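Data block below; observations after.
Each chain gets a letter, A, B and so on, in the order the sequences are listed, and its residues count up from 1. Note that the coordinates shown come from a computational prediction; the quantities given were computed from them, not determined experimentally. Every heavy atom of this structure was used, including side-chain atoms; hydrogens, water molecules and symmetry mates were not.
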Amino acid sequence: MKLVELVDELVEEGPYRFRIEQRDEMRVPGVVFASRGLLRDAEQSLQQVANVATLPGIVVASYAMPDIHWGYGFPIGGVAATDVDEGGVVSPGGVGFDISCGVRLLAADCDREELRSALPAIMDALDRAIPRGAGPGGLWRPFTRRQLERLLEGGSRYAVAEGHGEERDLTRCEDGGAVADADITQVSERARERGLGQVGSLGSANHFLEIQEVAEVYDEPAANAFGIARGQVCVMIHCGSRGLGHQICTDHVRAMDQAMARYGITVPDRQLACTPVHSPEGQAYLGAMAAAANYGRANRQLLSDMTRRIFRRTADVRLSLVYDVSHNLAKIETHEVNGTHRRLCVHRKGATRAFPPGHPELPQPLRKFGQPVLIPGTMGTASYVLTGVPGGDAFHSTCHGAGRTLSRHRALRTIATEDLRARLKRDGIAVRPLSWRGLTEEAPEAYKDVSAVVAASEGAGLCRTVARLVPLGVVKG
DNA sequence: ATGTCC
């Protein structure tokens, strides 16, 4: 299938909404939520949107969020749902290598001014305590194989049961902190080996732990229900399932790549390796993916617990969980398709679930306002809290972040580390990087404008903006 | 994203 110049052929069919017409092997059209500006240089990733539209069982459309960029097989910012009972497939590439990567937001019982004098000491304590960067290192040590198995099955629930959090945390976690269908027999020895020493660690690249201030509130009632107010201090944690999730993706892509032909499936790109949800390989992947999902949540739970201890002993400040949501997962969900309710495998890769107000899976205090959606920005800019809206499109999904525009290599070539250091100092942002080189690769200029991404998402009717947060302190790998 | 190539 050759689709030329997709950018020029996009059909504008609504505000911040473009269609890629169905043709050739595509089973559905593509729908891209964005502005023309955000789609500059998006040709390769639009081709990936079209490729995803060829997958067996895909329904309605192959979607892309405003922060779309090139990814493994599927674009990052992609949403694709397949009909489980009509031969629909599951594809590891539709979740990505960092299974269950996500964001957690904690609200402090103080405002910026009250924290000002204690901030340097808190940053120094976090700098010493938070494991980060590539390779081994985690907060939960020693950690046995038996404990890992229980964590893969119990997620945040297990972490809290072992003393690493509060019961209330679980009510503010997607799926109550754990998914039930983890199958640890599908997690390889190698994945376990990599995961053992990394429980409670940030990782590297765009993952971070930030102390932030609520700079602006756009929706008072929703912000109130979420427990945040202007001027309030928050902590945002962005990380995933580390080497364990990566290894699970690697293992199951290989298995599916070898099995695909047996199901008569051909795909335009081998990176779209997939098998039916009901196949043994599909079930194996979903079971292992669920285990990685639990690992990711427990990872964020351990980091929250350590951050809480530091805030408490350094500044007598308490942190309560606003919400924890992943932006790299596949889920079996029921949605209405052409007037009938269907069981769908919804892949969200660099896309965030955004349940609307009234959704039964939302905890009671939030239900009236919709699901909190947490959008990590880039250091030195802003992060956002959004909420789901009634009738939300793309199976109730929205954006997940800024999305890179410069490669790491180009960022290092064009951005002077000393200049970045000076700008952060000028803006009063305390940074504790593991390496200044790594920090330079993550400079704001290397990313799309997160505010434009959020504006396009709201303009497309995918979510509503609740609050904007700005960084006071950044801990990074 | 990732023991940034078993």
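- Note on A/G96: nothing from the nucleic acid sits closer than 4.0 angstrom, heavy atoms only.
- Here A/G243 lies in heavy-atom contact (under 4.0 Å) with sugar-phosphate atoms only.
- Side-chain rings of A/H238 and A/H327 approach one another, their centers coming within less than 6.0 Å.
- The distance from atom CD of A/E442 to atom P of B/dT2 is 11 Å, rounded to the nearest whole Å.
- Ring centers of A/F97 and A/Y72: under 6.0 Å apart, within the cut-off.
- Among the protein residues, A/R404 comes within range of no part of the nucleic acid, since none of its heavy atoms lies under 4.0 Å from any strand.
- An OP1 or OP2 oxygen of B/dT4 is reached within less than 4.0 angstrom by no side-chain nitrogen or oxygen of A/S204.
- To the nearest angstrom, P of B/dT2 lies 14 Å from CD1 of A/I248.
- Across the protein-nucleic acid pair, A/L202 atom CG and B/dT2 atom P stand 10 Å apart, rounded to whole Å.
- Look at CZ on A/R132: it is 18 Å from C1' on B/dT2, rounded to the nearest Å.
- Atom CZ of A/R270 is surrounded by 12 or fewer heavy atoms from other residues, nucleotides or ligands within 6.0 Å.
- A/R408 has no side-chain polar atom (N or O) that falls below the 4.0 Å cut-off from OP1 or OP2 of B/dT4.
- Not less than 6.0 angstrom separates the ring centroid of A/F33 from the ring centroid of A/F18.
- Atom CZ in A/R242 sits about 5 Å away from atom P in B/dT2, given to the nearest Å.
- Atom CG in A/L434 sits roughly 15 Å away from atom C1' in B/dT4 (whole-Å rounding).
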*Start with the C-alpha distance between A/W140 and A/Y158, add both sets of side-chain angles, then the distance that settles ring pair (Phe, Tyr, Trp, His ring centres under 6.0 Å), and finish with yes or no.*
CA-CA 12 Å; A/W140 203 337; A/Y158 176 63; 5.6 Å; yes
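- Among the protein residues, A/Q198 comes within range of the sugar-phosphate backbone only, with heavy atoms under 4.0 Å from sugar or phosphate atoms but none that close to a base.
- Spacing between atom CG of A/D251 and atom C1' of B/dC6 amounts to 13 Å, rounded to whole angstrom units.
- Atom CG in A/L244 sits roughly 12 Å away from atom C1' in B/dT2 (whole-Å rounding).
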